[in-house]
Amino acid sequence: MTTHMDAEEFRRNGHAVIDWIADYWASLERRPVLSLDQPGAVAGRLPSAAPERGEDFDRILADLDAVVMPGVTHWQHPGFFGYFPANVSGPSVLGDLVSSGLGVQGMLWATGPACTEVETVMLDWLADLLDLPARFRSSGTGGGVIQDSASSATLVATLAALHRASKGRWRGDGVEGRYTVYTSTQGHSSIEKAARIAGIGDGNVRPVEVDDRTLAMDPAALRSMLEADIAAGARPALVVATIGTTSTTAVDPIPAIGAICREYGVWLHVDAAYAGASAVCPELRWTHAGLEYADSYCFDPHKWLLTGFDCDAFWVADRAELVEALTVLPEYLRNAASESGAVLDYRDWQVPLGRRFRALKLWFVLRWYGAEGLREHIRGGVEMAAGFAGRVRADDRFEVVAPHPFSLVCFRLRDADGVDGDAASAALLARVNAGGRIYLTHTRVRGAYALRLAVGAPQTRASHVEEAWRLISAEATAVLAG
Ligand SMILES: *Cc1c(COP(=O)(O)O)cnc(C)c1O
């Protein structure tokens with residue numbers, strides 16, 4: 001007979017799990033940032049088949065340490081400076097736990113009203129915190145929804161844009177003709193993927209040239225590309241502008257791009273996946289100039305706003321357009337609340353039907369930290385990054401290769417007599433990461449190899465960034481000595 005975990009067992013084991021997570025967070029600094037496991041090591045520690053008989057929870061928890069932990073890269077480690085941060089926090093984990101416990105499937109308002117309404121209000125709260133244009137609020141024509149990721153937000157925006165550009169024919173007869181999508185050469189890979197899924201074709205994703213110094217989209221280049229494509233019979237559907245590109249955090253000039261989009265009737269989606277969180281600080285909100293032109297906008301609280309993956313906040317200016325593009329209504333989902341028009345059904349705002357109660361973790365985070373706490377977190381990251389950039393600039397062996405308005409610094413060893421900057425920088429990264437104290441990733445900027453240091457893990461303090469600089473500087477000496 002099936003043996004469920006009873007309430008007392010759940011309580012006891014649950015406390016043990018919370019203790020385990022608290023101990024893990026307290027131990028982070030003593031661990032090497034990167035897993036040292038070789039490919040196949042984790043799989044090799046697992047039995048080849050599921051157990052026939054149920055096991056004790058103590059044994060499961062013990063194997064977490066023995067089997068899983070050696071294969072974990074510690075994204076919450078104070079020395080984790082790779083990619084972009086993927087913050088998590090106590091209130092986020094606890095909110096997520098409540099969501100798991102409720103086990104609500106919130107595809108429709110009618111399948112659990114709180115799942116929809118808490119989410120609508122949280123996205124309105126966030127829109128206020130970021131001072132987004134009024135038309136993104138649910139009180140107007142727009143509204144916000146949680147997507148699993150910025151990639152899904154891009155896909156949903158692409159589908160809505162295609163719906164608009166085809167005047168709805170996309171839904172009925174399918175796509176005929178050549179539809180085009182525009183983003184800068186620095187745009188995220190999810191844009192190409194979304195176009196592919198939508199059936200637009202890679203070749204119709206048009207890379208727009210950027211300004212050589214700022215790496216931001218050149219609006220004049222966008223305009224000439226649009227005109228040439230229209231003259232050649234294409235139908236421009238979507239422009240994706242980026243606030244904080246993945247490679248270097250370049251900020252596209254949204255006011256100029258937005259005016260062009262309006263002129264040509266093209267959907268403007270603004271992807272602020274990482275940098276959007278910084279707009280909780282008024283002094284960093286300049287990046288949002290021109291957002292009143294945007295048809296949709298997204299950022300990832302799961303990157304830099306202390307909310308665990310997955311949580312992408314996505315807004316549209318006209319929710320009717322989005323719902324029209326995506327809705328499919330089978331008989332078994334018909335219900336009086338939906339038909340009354342008085343409720344939002346988020347199934348029509350996303351690709352999957354089902355959805356978790358993700359707004360709970362956001363609610364817990366926003367209440368625990370308050371706007372003040374979130375601003376402090378962002379400001380701390382920006383300050384630490386600026387301090388690091390100052391160290392790099394003061395050292396002649398290095399150069400900072402792109403502006404750093406947020407908490408990412410891109411830098412490299414300079415080309416010099418007998419020094420190939422690309423090779424030296426790659427060697428430096430390998431040495432620094434091998435030490436286990438810190439972890440950085442890399443990119444290419446104007447073709448040149450560069451290291452990326454992204455500050456934002458919750459436990460990172462100025463002393464950790466100082467230590468990172470000491471390690472990098474010492475390893476640079478070793479690299480340059482050959
Ligand atoms: C990280 C990032 C994405 C993808 O984010 P996911 O939420 O992981 O899909 C998209 N765009 C930009 C600019 C990013 O930095």
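All ligand and atom numbering here is 1-based and tracks the order in the structure.
- A salt bridge does not link Asp318 to Arg135: none of the charged nitrogens lies less than 4.0 Å from a carboxylate oxygen.
- Protein residues are said to neighbour a ligand when one of their heavy atoms lies under 4.0 Å from it; for ligand 1 these are Phe84, Ser149, Ala150, Ser151, His188, Thr242, Gly244, Thr246, Asp271, Ala273, Asp300, His302, Lys303.
- Counting heavy atoms of neighbouring residues, nucleotides and ligands inside a 6.0 Å radius, atom CD of Glu376 does not exceed 12 of them.
- The side-chain hydrogen bond (donor to acceptor under 3.5 Å, both in side chains) analysis of residues 356-366, with sequence neighbours excluded, yields the pairs Asp96-Arg356, Asp310-Arg358.
- With respect to the salt-bridge test (charged N to carboxylate O, under 4.0 angstrom), the residues Asp128 and Arg137 qualify.
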Without placing hydrogens or testing angles, list every side-chain donor-acceptor pair under 3.5 Å for residues 424-433, not counting sequence neighbours.
from, atom 1, to, atom 2, distance (Å)
Ser425, OG, Leu413, N, 2.9
Ser425, OG, Gly421, O, 2.7
Arg431, NE, Glu475, OE1, 2.6
Arg431, NH2, Glu475, OE1, 3.3
Asn433, OD1, Leu440, N, 3.0
Asn433, ND2, Leu440, O, 2.9

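- For Glu467, the side-chain contact (heavy atoms from CB on, under 4.5 Å) test picks out Arg437, Arg470, Leu471, with sequence neighbours left out.
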